[in-house]
Amino acid sequence: MHVLLFLSGVLGNATGLFLFLAPMVTFKRIIRNRSTEQFSGIPYVMTLLNCIVFTWYGLPFVSRNNILIWTINATGGVIEFTYIVIFIIFGPKKERMKVMGLFALIMTVFSAIASISLLALHGNTRKFFCGVAAALFSTVMFASPLSVMRLVIKTKSVEFMPFFLSLFAFLCALSWLIYGLLSGDPFVLVPNVFGTGLGIAQLILYAIYYKNRNHSESAIKDDFIEMDLENIDQVKKPDSRHL
């Protein structure tokens, strides 16, 4: 049992790292185009909150024998913070303000959780409080891609829902679901049940609409070509004032 628990935790760390690194392709595109386009920054902020709260929950003075939890979440926190900085730099003003406001809110929430757990709680009460907070915000993190899924259904295109992000979100949630079952930790188990289900839903959407991605990109290219042709026609038209 201990071997299976350890292996599921290692698998959770591996898939979690891939999950955190999967958006690198998206952010490479953002940096290249100097624009966040229609990508949403909300999932990255909520993932950061999940990482820092679960890092706190996994520390020895909160819950014992959870080194596999806090190490990967601490790593993920650094990566997600980097993504947020890039998003703030290249995002439009409205989206930038939204992300910055949400970031300030989650840091305030985390500071409150850390302060209360350190100053007012002890032992199992501290673990329960931090575990409930971690499970709650992990569920919120898994729910954050719902806005992107709605965009996929609306546009019938998966252009703004990267496949590898959805795939590793599912694999990561499944790995930690197994870890939660084997360890008997409801604070790890419950949010990952929801995350696994949502990951399956994202993969189903991708299977339905992935063929439309090229159509969406072609439509955008056609619009630019049409605009260029119109500009050429206007240049070629003689100026009536010289007739």
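Hydrogens, waters and symmetry mates are skipped; everything else that's a heavy atom, side chains included, is used. As the structure is a prediction and not an experimental result, all values here were calculated from the model. Residue numbers start at 1 and run along the sequence shown.
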For residues 44-52, tabulate all N or O donor-acceptor pairs below 3.5 Å that involve a side-chain atom, not counting sequence neighbours.
| unit_1 | atom_1 | unit_2 | atom_2 | d |
| --- | --- | --- | --- | --- |
| T47 | OG1 | P43 | O | 2.6 |
| N50 | OD1 | S138 | OG | 3.2 |

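- Residue-environment remark: CE (M149) exceeds the threshold of 12 foreign heavy atoms within 6.0 Å.
- Shown here are the side chain to side chain donor-acceptor pair (under 3.5 Å) partners of S63, two or more places apart in sequence or in another chain: N66.
- The distance from the CE atom of M24 to the OG1 atom of T82 is 10.0 Å, given to the nearest 0.5 Å.
- The side-chain heavy atoms of F61 and L118, taken from C-beta on, include a pair separated by under 4.5 Å.
- Following chains of ILVMFWY side-chain contacts shorter than 4.5 Å, one can reach Y209 starting from L167, so the two form part of one hydrophobic cluster.
- Contact of the I42 side chain with the K98 side chain is registered, since non-hydrogen atoms from C-beta on lie closer than 4.5 Å.
- The shortest distance between side-chain heavy atoms of L171 and F18 does not fall below 4.5 Å.
- Side-chain atoms of T26 and I30, non-hydrogen and from C-beta on, do get closer than 4.5 Å to each other.
- By the 30° and 60° cut-offs, the orientation of the rings of Y57 relative to F54 is perpendicular.
- Residues L151 and I208 share a single hydrophobic cluster, defined by chaining ILVMFWY side chains whose heavy atoms lie under 4.5 Å apart.
- Interatomic distance, F110 CZ to W56 CH2, rounded to the nearest 0.5 Å: 5.5 Å.
- F187 is connected to V140 through a chain of hydrophobic side-chain contacts under 4.5 Å among Ile, Leu, Val, Met, Phe, Trp and Tyr, so both are in one cluster.
- Under a 3.5 Å cut-off, the side chain of T15 and the backbone N or O of L11 do form a donor-acceptor pair.
- Atom CG of L189 sits about 11.0 Å away from atom CD1 of I178, to the nearest 0.5 Å.
- Shown here for F168 and A22, the closest heavy-atom pair between the two residues is CD1-CB, 4.5 Å.
- Among all heavy-atom pairs drawn from G195 and A173, the shortest one is C-CB, 3.6 Å.
- Residues L68 and F6 have side chains in contact (heavy-atom distance under 4.5 Å, counting atoms from C-beta outward).
- Side-chain contact between N192 and Y179 is absent, with no heavy atoms from C-beta onward closer than 4.5 Å.
- With hydrogens and angles ignored, the 3.5 Å screen pairs a side-chain donor or acceptor of Y83 with a backbone N or O of F20.
- Side-chain atoms of F128 and N124, non-hydrogen and from C-beta on, never get closer than 4.5 Å to each other.
- Residues I113 and F129 form a side-chain contact, since some pair of their non-hydrogen atoms from C-beta on lies under 4.5 Å apart.
- In terms of heavy atoms, L17 sits closest to I72 at N-CD1, 3.7 Å.
- Taking all atoms of both residues into account, the shortest heavy-atom contact from R64 to P60 is CG-O, 4.0 Å.
- Atom CZ of R96 and atom CD1 of I89 lie 9.5 Å apart (nearest 0.5 Å).
- Linking ILVMFWY residues whenever their side-chain heavy atoms come closer than 4.5 Å, directly or via other members, places L105 and F87 in the same cluster.
- In this structure, OG on S157 lies 13.5 Å from OH on Y210, to the nearest 0.5 angstrom.
- Crowding of F81 atom CZ: a count of heavy atoms from other residues, nucleotides or ligands under 6.0 Å not exceeding 12.
- A donor-acceptor distance shorter than 3.5 angstrom exists from the side chain of R126 to the backbone of S117, with no hydrogens or angles considered.
- Of the possible donor and acceptor atoms, none in the side chain of S166 sits under 3.5 Å from a partner among the backbone N and O of L203.
- In this structure, V188 and I69 approach most closely via the heavy-atom pair CG2-CD1, 3.8 Å.
- Taken from CG in L205 to CD1 in I153, the straight-line distance is 5.0 Å, to the nearest 0.5 Å.
- Taken together through direct or relayed side-chain contacts under 4.5 Å among Ile, Leu, Val, Met, Phe, Trp and Tyr, V25 and Y206 form parts of separate hydrophobic clusters.
- Across all non-hydrogen atoms, the minimal contact from P191 to P186 is CD-O, 4.1 Å.
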